[in-house]
Number of protein chains: 2
Amino acid sequence: MMIQGEAIGGPDDLREGEIAVELPARFDASLYYIGRIQTPWKRREDCPKNPRETQAECTIVLDPRWVEGLQGLETVTHVVVLYWMDRARRDLVLQSPHHYSERRGTFALRSPVRPNPIAVSVARLLRIEGNRLTVVGLDCVDNTPLLDLKPYFASTDSVPDASVGWHAGTKR
Amino acid sequence: MMIQGEAIGGPDDLREGEIAVELPARFDASLYYIGRIQTPWKRREDCPKNPRETQAECTIVLDPRWVEGLQGLETVTHVVVLYWMDRARRDLVLQSPHHYSERRGTFALRSPVRPNPIAVSVARLLRIEGNRLTVVGLDCVDNTPLLDLKPYFASTDSVPDASVGWHAGTKR
């Protein structure tokens, strides 16, 4: 089931030590794109490495179909933004992101390369005008498909003392 | 496009004031279930109202296909768990969850009812044994489909002073 050193299921070659698995024969559920995220970054290599590196304002444009779903969201300070990283291959279990020296498991990384390339970002909400939300704290490429918006609850979503052991001594 | 007071696209009747929209004609992307979440709660009405209400241990069982993807995850204290709320209708834009008095927009709520019923929960990781993760802090029904696991980074995921205005005066 493993294929080592051979690219399948995606556009890029594997880096040394990366391991791809055979993807399941069929999908189990399906998604709607509910809008698009407008950002200043046209190519993936231009994007900030993480959302706290930028103060750039981004615009989330919600499909007008869903606009009534925003009622009440104007009262939150932060939004959980789910989006679809549609350019990423989905079959790697071990990978070596270019800014880290060691190979690690897909689920130990926030890399876009994963079986379901759903990103979760916490963005600060500046304003909502009609179907457009202006936020700070996203790092995705321009025109990224939007999947969901949720209110960020500090009571359940914030764990200030959480740690990622492997990252502690790592320089990005 | 709006249908008021009439149930479409889901198993339940609408509550007063709830608004459903017509779903898009086609899907845009697809998901793999990568495992299942074992919890003590067999029915949705038995589940805790939010993940901080329970100290119950839950078991995330990853499909063996993906098990190498866990390498490195044992060093984290908290995991972002994405799962699929497969029993939820997807067409409501305004809804009245039974434990709140007011109707609100779907994107202002953490309700399972949303166009893409993806839940995001932060769970405390107790241990990993093979393809099984023992965690605390999930509130989903037993056998819920798993979509993704990510390391929780306090630097980007934790916003202790975030607030949800509409919720501030609300008793759950």
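Throughout, protein chains are lettered first and strands after them, A, B, ... in sequence-line order, and every chain is numbered starting at 1. It should be emphasised that the depicted structure is a prediction, and the values quoted were computed from it without experimental measurement.
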Requested in this report: Select one option (side chain, backbone, both, neither) describing which atoms of A:S155 are under 4.5 Å from chain B's heavy atoms.
Outcome: backbone
Query raised in the report: Using a cut-off of under 4.5 Å for heavy-atom pairs, which of B:V76, B:V120, B:L31 has the most such pairs with chain A?
Result: B:L31
Query - Structural part of B:R124 lying under 4.5 Å from a heavy atom of chain A - result: neither
Query raised in the report: If we only count heavy atoms from C-beta on, is the A:V93 to B:W66 side-chain gap below 4.5 Å?
Result: yes
Query raised in the report: Between the side chain of A:E102 and the main-chain N/O of A:S96, is any donor-acceptor distance below 3.5 Å?
Result: no
Query raised in the report: Heavy-atom distance under 4.5 Å to chain A: side chain of B:A119, backbone, both or neither?
Result: backbone
Query raised in the report: In terms of heavy-atom pairs under 4.5 Å with chain A, which of B:V122, B:I118, B:N116 leads?
Result: B:N116
Report summary line: Grouping ILVMFWY residues whenever side-chain heavy atoms fall under 4.5 Å, the cluster of B:L126 otherwise contains B:V136
Query raised in the report: With respect to chain A, which residue among B:S121, B:G137, B:P151, B:G105 yields the maximal number of heavy-atom pairs within a distance under 4.5 Å?
Result: B:P151
Query raised in the report: Do B:R44 and B:P112 come within less than 4.5 Å of each other through their side chains, counting heavy atoms only?
Result: yes
Report task. Could you tell me which portion of B:L109 (side chain, backbone, both or neither) has an atom closer than 4.5 angstrom to a non-hydrogen atom of chain A? Result -> backbone
Report task. Just give me the residue among B:L147, B:L70, B:V67 that pairs up with chain A most often, heavy atom to heavy atom, under 4.5 Å. Result -> B:L147
Report task. May I ask you to say whether B:R104 pairs ionically with A:E68, meaning some side-chain N is under 4.0 Å from a carboxylate O? Result -> no
Query raised in the report: Counting heavy-atom pairs under 4.5 Å to chain B, which of A:T106, A:I34, A:T77, A:D161 comes out on top?
Result: A:T77
Query raised in the report: At a heavy-atom separation under 4.5 Å, does A:V80 approach chain B through its side chain, its backbone, both, or neither?
Result: side chain
Query raised in the report: Counting N and O atoms only, with roles assigned by atom type, does the side chain of A:T75 sit under 3.5 Å from a partner on the main chain of B:W166, one being a donor and the other an acceptor?
Result: yes
Requested in this report: Indicate yes or no: does A:D139 engage A:R110 in a salt bridge with an N to O separation below 4.0 Å.
Outcome: no
Report task. Heavy-atom distances under 4.5 Å only: say whether B:L149 touches chain A with side chain, backbone, both or neither. Result -> both
Requested in this report: Report yes if some heavy atom in the side chain of A:I37 is under 4.5 Å from a heavy atom in the side chain of A:L138; otherwise report no.
Outcome: yes
Report summary line: With chain B, the option among A:L62, A:D63, A:T156 that has the most non-hydrogen atom pairs under 4.5 Å is A:T156
Report summary line: Turns out that what part of B:S111 lies under 4.5 Å from chain A's heavy atoms comes down to neither
**Report entry** Selection from B:E74, B:Q95, B:H78 maximising heavy-atom pairs under 4.5 Å formed with chain A
**Finding:** B:H78
Query - Side chains of A:N143 and A:Q38 in contact at under 4.5 Å (non-hydrogen atoms) - result: no
Query raised in the report: Can you find a heavy atom in the side chain of A:T54 that is under 4.5 Å from one in the side chain of A:W41?
Result: yes
Query raised in the report: Looking at B:P145, B:G72, B:A29, which makes the most heavy-atom pairs under 4.5 Å with chain A?
Result: B:A29
